[in-house]
There are 2 protein chains.
Amino acid sequence: MAEQEEDRDLTVPVVNDGLGYPISVGYGLGPEIRRFLRERGSPFVVLSDAQRDVLAAARIVAKAPRCKGVLAFPLGERRKDLRTLEKVLDALLAAGVDRATTVVGVGGGVAGDLFGFAAASYMRGVPYVHVTTSLVSMADASVGGKTGVNLAGGKNLAGAFADPVAVFSDVRRLETLPFRSLREGLAEVVKAAIVEGGAFFETLETMAAHPFWRWPWVEIAAEAVHVKSMVVADDRLEAGAREVLNLGHTFGHAIERASAYRVTHGAALSVGLRAAGLLAMRTGRFSLEEHVRVLALLALLGLPLRTRVAPDLILAAMSADKKRRAGKLRFVLPLAIGDVEYGVVASERTVASVLRTISQLPDDSSES
Amino acid sequence: MAEQEEDRDLTVPVVNDGLGYPISVGYGLGPEIRRFLRERGSPFVVLSDAQRDVLAAARIVAKAPRCKGVLAFPLGERRKDLRTLEKVLDALLAAGVDRATTVVGVGGGVAGDLFGFAAASYMRGVPYVHVTTSLVSMADASVGGKTGVNLAGGKNLAGAFADPVAVFSDVRRLETLPFRSLREGLAEVVKAAIVEGGAFFETLETMAAHPFWRWPWVEIAAEAVHVKSMVVADDRLEAGAREVLNLGHTFGHAIERASAYRVTHGAALSVGLRAAGLLAMRTGRFSLEEHVRVLALLALLGLPLRTRVAPDLILAAMSADKKRRAGKLRFVLPLAIGDVEYGVVASERTVASVLRTISQLPDDSSES
């Protein structure tokens, strides 16, 4: 009980700007999660990524009373498909989950997408609680109610808009994450900081000089959630304004696809943020000075600014996307740090020149 | 154009009691459907059951302008799974379907469940229009926004609550259906008539003496839709009252499952309606006189009153269901024709005695 009280003192208030569900960001949330489940009163089942660290977090959650068990699945972007979804649904059925049972998902972005979609579709919807274990899910995926899986033809093409009952983000998890994993979320945090601008961007510039374990992660994750939730609350079903959150993603997704997902989302997004800045500059929207500030921040954080994926492959991936969107490829571009425009149409010639700038020759020895 | 005007004269008004979307029931709706799609203005794609008659109906729909094509799939209750769902989703992607495209599903109950779930999950939701081609989908499945597929462990266990934009039920289709297919819907129509009572039940009693092609199908299908939509509009997410629509289904589903789906839904439901009446009588709720009226109607319509599936297998299937529902098996029972009670708990002993009554020995030569 002493440990519990101590932990709860470190928890910051809930962030939930108009989302309709609470997101708790804190340091050492285990006791708080268990208290939430105990007070909820219904039986629950835990779905977990089978990765060792995540499973350890899941077992802590499972200590709350009325737990029906922990079901673990090997996950990963390549396994985020309908086949894995079926395994999860079959396991929920075998565990005796009914509509009165709460499903608690533990893991990162892939877990949130997959377990969230499983809960949204199992018996046409059971209550879902997500416990995040990666920076990308804390800063980005936990907000907005988007769930889903990949099809052979593209990412996140089958899914549901389904809000969780609650999200818990325990930043203590970040201390044990390798940089490779942290990087995935850092790119999303930088994106949020470009959208928001001001003190948020400046804080990242200041902290970039410090090792990650010294960062005030509670505040940084909470601020990223705040930025995203303000945008999402205004545009739940992606009518338009929510588009600003796709800053860097048109380029980023194309790089991911063109590399057959060998380039991770975080690395591709970092390069994509540079490409969006370049395109904004070349169309007279963005200043060189601000563009360089963004590049300096990305570089200081150890994020890549170039890619080995060939420009023509990236362009082909973008064209495939364009075909799906009724003939127009639209970009989200920065006008300033803190001001972003969406729905910008650009010529293929200008886009191709941007892609040549971000390309790295195969014999170039620096990191991709 | 002359043909179009003539057909439209035969169309009855839309039925939509508080559902939020229109259901058109009429005779010869082809021109009306095409006009609806033309006025909608967006491109559309047609998903169809590959069965010859259904595909012919789908091709009529596809004559409206801006059709991206007809995609046909062999369907059936055994194919209503996540694997077929994936095929449909992949085909939508290959056809260039985006969020601005309307998906039009053509087919019976399985098509409505599967195509409706595909539309609800493709890109997290695209607009869906259903064109029914079976009595069961006209009278039952078209109302209520339930979509989904089966898991290995049970029917309709993965899905979404997703309303279509509109439903079109062309009763002319019923003229070409074999009795085997018509029967599936007739059992649901009788169920609706027991819930509603009064003139609806009496009309069925009168018409039962006439061949099906002489039935006033427009009015009968519209009345079944009316009954269901009144109940559903009051209880969208199945909190309780909607349960009355499950009259006969606790027994019916168990018979289907215990027979490994060799007994069709319609046949199982007919036997299930008898079983519910028996259980209601034996617990002092329902009169013998009214029970016999229901049996006479079912028999006159050519629907079965007994099953070859062994009582202990049916009971085992019910127990598996009970386990999933937190330990209680609840029944929907008739109090009178026109008055139904839900949430009734019964002892296993009484249920077992009902099951013995409806069982048919394997050497009994009458139809199952």
Task: For A/F117, ring pair (Phe, Tyr, Trp, His ring centres under 6.0 Å) partners two or more places apart - done: none

Task: Heavy-atom pairs under 4.5 Å with chain B, option from A/S121, A/A152, A/A158 with the top count - done: A/S121

Open item on the list: Ignoring hydrogens, what is the shortest heavy-atom contact between A/L247 and A/L269? Give both atom names and the distance.
Closed with: O-CD1, 3.7 Å

TODO: Show the numbers, then the answer: is there a side-chain contact (heavy atoms from CB on, under 4.5 Å) between B/V106 and B/L47?
DONE: CA-CA 6 Å; B/V106 183; B/L47 299 176; over 6 Å; no

TODO: Could you list which of residues 79-88 of chain A have a heavy atom closer than 4.5 Å to any heavy atom of chain B, in residue-number order?
DONE: A/L82, A/R83, A/L85, A/E86

Open item on the list: Does any backbone or side-chain atom of A/A100 lie under 4.5 Å from a heavy atom of chain B? Answer side chain, backbone, both or neither.
Closed with: neither

Task: Side chain A/R66, main chain A/G41, donor-acceptor under 3.5 Å - done: yes

Task: Those residues that, when tested against A/T102, pass side-chain contact (heavy atoms from CB on, under 4.5 Å) (two or more places apart) - done: A/R40, A/S42, A/F44, A/V104, A/P127, A/V129

TODO: Of all the heavy-atom pairs spanning A/R330 and A/T250, show the shortest one and how long it is.
DONE: O-OG1, 3.5 Å

- [ ] Identify which part of A/T147 has an atom lying under 4.5 Å from any heavy atom of chain B, answering side chain, backbone, both or neither.
- [x] backbone

Task: Any residue meeting salt bridge (charged side-chain N to carboxylate O under 4.0 Å, His left out) with B/E184, in chain and number order, not counting sequence neighbours - done: none

